[in-house]
S.K.: 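Right, I'll just put the structure down here and ask away after.
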Amino acid sequence: MAETSAMKKPDIRHANPLAQTLLNKLDYDQLTNCMRCGFCLPACPTFRETGIEPESPRGRIALMKAVADGLLDPDQAFQDQMNHCLGCRACEPACPADVKYGQLIEQARDAIEDHAEHSAPVKGLRSLMFRGVFPKRGSLKLLGGSLAFYQKSGLRKLARGIGVMKLFPEHLREMEAILPEATSKGVVEQLGTLYPAKGTPIARVALFRGCIMDVMFAGTNVNTVKLLSEAGFEVVIPDSQACCGALHAHSGEMAEARTLAKVNIAAFKQAGVDYIVSNAGGCGALLVEYDHLLHEEADERLKEDARWFSARVIDVSRLIMEQGRIPSFAESANEAGEVVVTYQDSCHLRNVMKSSAAPRQLLRSVGGATFTEMKEADRCCGSAGIYNVTQPEMAGQILEHKMEHAATTKARYMLTSNPGCLLQMKLGIEKHPPETRMEAMHIVDYLHDRLIADKT
Ligand code: SF4
Ligand code: SF4
């Protein structure tokens, strides 16, 4: 590892309140660790799209440091630059100085959010989603039930028929069209809080069910539990768990993210498990960093519990590959011969949870299917939490390139390990349909459907 050059935080009183908050919140050691080598530039999707320095990790770090040092005003252009970052963290594995860029961008956004002057509707919507919906199980169920009613009752058809959807911006209309079927019945309502292992149990594990995941992708949660059972794990699903807080952390709502982390640590600690399993890269990446999220807490016991929690978080594919009895999978025979599958990495799963080999190994174990690597599968698809909603132009540009690479694989299935990436892939197939038929699926659903063993 290269030698770093950490420096003392400057003793400045900024006249601009946002500059002062940035100076207070940014980890100055991390800012000064950047030695401006530029190794991260080719890994950065926004730099690759634009070719300009401020759209690169090195450029953004320089901007943060300039504001902290009092050399630059944190004006709207600065704030926009912080928001253009996907938060994909592809710059971190490329960095020889081990700069924790992900932490810096979250600190910058947290500071910006402290001084944000949102319009009343935006303020209301943020408060509703971040405090009223994501963290509250009852609200999530209500949201799932209402969406399911909208989708199944004919209301959706009516809304489209009379042109209500035209009132929304194009990218939101496109997203609405590819939303999966929602439900108010999550994994606990469907399977209970304990699911036995098939055969002798290898370990007792807990499923992290997520918030939106358990409303929009409850079937994937159910399939995750069944796949884990098939691989020899007893699965607990603590019902008192909450949203992971990732969307909060990425949007500058750090205090709420910490509150949620504390709820989850208590819930999983009580379950007494060997592993905490995530099937969503975006959630898993924050769960695995709860120890850092809470490292400034005064309560030593809480910090110890946070380290206990983080050390147990693992991706479902990695747990099965490294610790489980790998089930037998087979692709149904198809008149055209072998079925080609490909895989789009979840950035957070790859760059933060370090799980990229295991999903591919599992896919290679499916009989009757050929795994074909997609060019730049390790590059962000443009989903990035709610980035495709807040920055539709850049997200659309990135997605277009992704679909060009996807088309060359001629894959029948495009598999991924994160709900956001999955929706983005569905959107890509819809907007840029490849010549050969392609379907986007969560890797767990694909594998579960191809289990050779009897499914109950
Ligand atoms: S997180 Fe992703 S988009 Fe942001 S600077 Fe790093 S590589 Fe670029
Ligand atoms: S690779 Fe690391 S040290 Fe080099 S410019 Fe990028 S962030 Fe700075």
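Counting convention: from 1, in listed order, for ligands and their atoms alike. Model, not experiment: these values are computed from the prediction.
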S.K.: Using a 4.0 Å cutoff against the non-hydrogen atoms of Pro96, which atoms of ligand 2 qualify?
M.R.: 1 (S)

S.K.: Please list, in number order, the atoms of ligand 1 under 4.0 Å from a heavy atom of Gly87.
M.R.: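 With Gly87 as reference, the close atoms of ligand 1 come out as 1 (S), 4 (Fe).
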
S.K.: Is a salt bridge present between Lys141 and Asp214, judged by a nitrogen-to-oxygen distance below 4.0 Å?
M.R.: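 Not counted as a salt bridge, because no side-chain N and carboxylate O are separated by less than 4.0 Å.
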
S.K.: Which pair of non-hydrogen atoms, one from Ser356 and one from Arg350, has the smallest distance, and what is that distance?
M.R.: CB-NH1, 3.4 Å

S.K.: With sequence neighbours left out, write down each residue that passes side-chain hydrogen bond (donor to acceptor under 3.5 Å, both in side chains) with Arg173, or none if nothing qualifies.
M.R.: none

S.K.: To check you understand the geometry: which heavy-atom pair defines the closest contact between Pro54 and Arg60, and what is its length?
M.R.: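 Here Pro54 and Arg60 meet closest at O-CG, 3.4 Å.
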
S.K.: State plainly whether the residues Lys100 and Glu92 are in salt-bridge range, i.e. N to O under 4.0 Å.
M.R.: no

S.K.: At less than 4.0 angstrom from any non-hydrogen atom of Arg60, what atoms of ligand 1 do you find?
M.R.: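 Near Arg60, the atoms of ligand 1 are 4 (Fe), 5 (S), 8 (Fe).
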
S.K.: Which pair of heavy atoms, one from Arg137 and one from Gly186, lies closest together, and at what distance?
M.R.: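 Distance-wise, the nearest heavy atoms are NH2-CA, 4.0 Å.
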
S.K.: Look at atom CD of Glu430 and say whether more than 12 heavy atoms of other residues, nucleotides or ligands are closer to it than 6.0 Å.
M.R.: no

S.K.: Looking only at protein heavy atoms, identify the closest one to atom 2 (Fe) of ligand 1 and say how far it is in Å.
M.R.: Cys88 SG, 2.3 Å

S.K.: Applying the side chain to side chain donor-acceptor pair (under 3.5 Å) criterion to His401, which one of Lys375, Glu49, His432, Arg379 satisfies it?
M.R.: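 Single pass found, and it is Glu49.
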
S.K.: What are the protein N/O/S atoms, named by residue and atom, that sit under 2.8 Å from atom 6 (Fe) of ligand 2?
M.R.: Cys40 SG

S.K.: If you look at every heavy atom in Pro42 and Arg48, which pair is closest and at what distance?
M.R.: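 Here Pro42 and Arg48 meet closest at O-CD, 3.0 Å.
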
S.K.: Please identify which of these residues, Arg109, His248, Arg126, meets the side chain to side chain donor-acceptor pair (under 3.5 Å) condition with Glu253.
M.R.: Arg126

S.K.: Any atoms of ligand 1 less than 4.0 Å from a non-hydrogen atom of Arg89? List them with their elements.
M.R.: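 It comes down to these atoms of ligand 1: 1 (S), 2 (Fe).
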
S.K.: Under 4.0 Å from any heavy atom of Cys44, which atoms of ligand 1 are there?
M.R.: 3 (S), 5 (S), 7 (S), 8 (Fe)

S.K.: Quick one: look up the protein heavy atom nearest atom 4 (Fe) of ligand 1 and list residue, atom name and how far away it is.
M.R.: Cys85 SG, 2.3 Å

S.K.: Which residue and non-hydrogen atom of the protein lie closest to atom 3 (S) of ligand 1, and at what distance in Å?
M.R.: Leu86 N, 3.4 Å

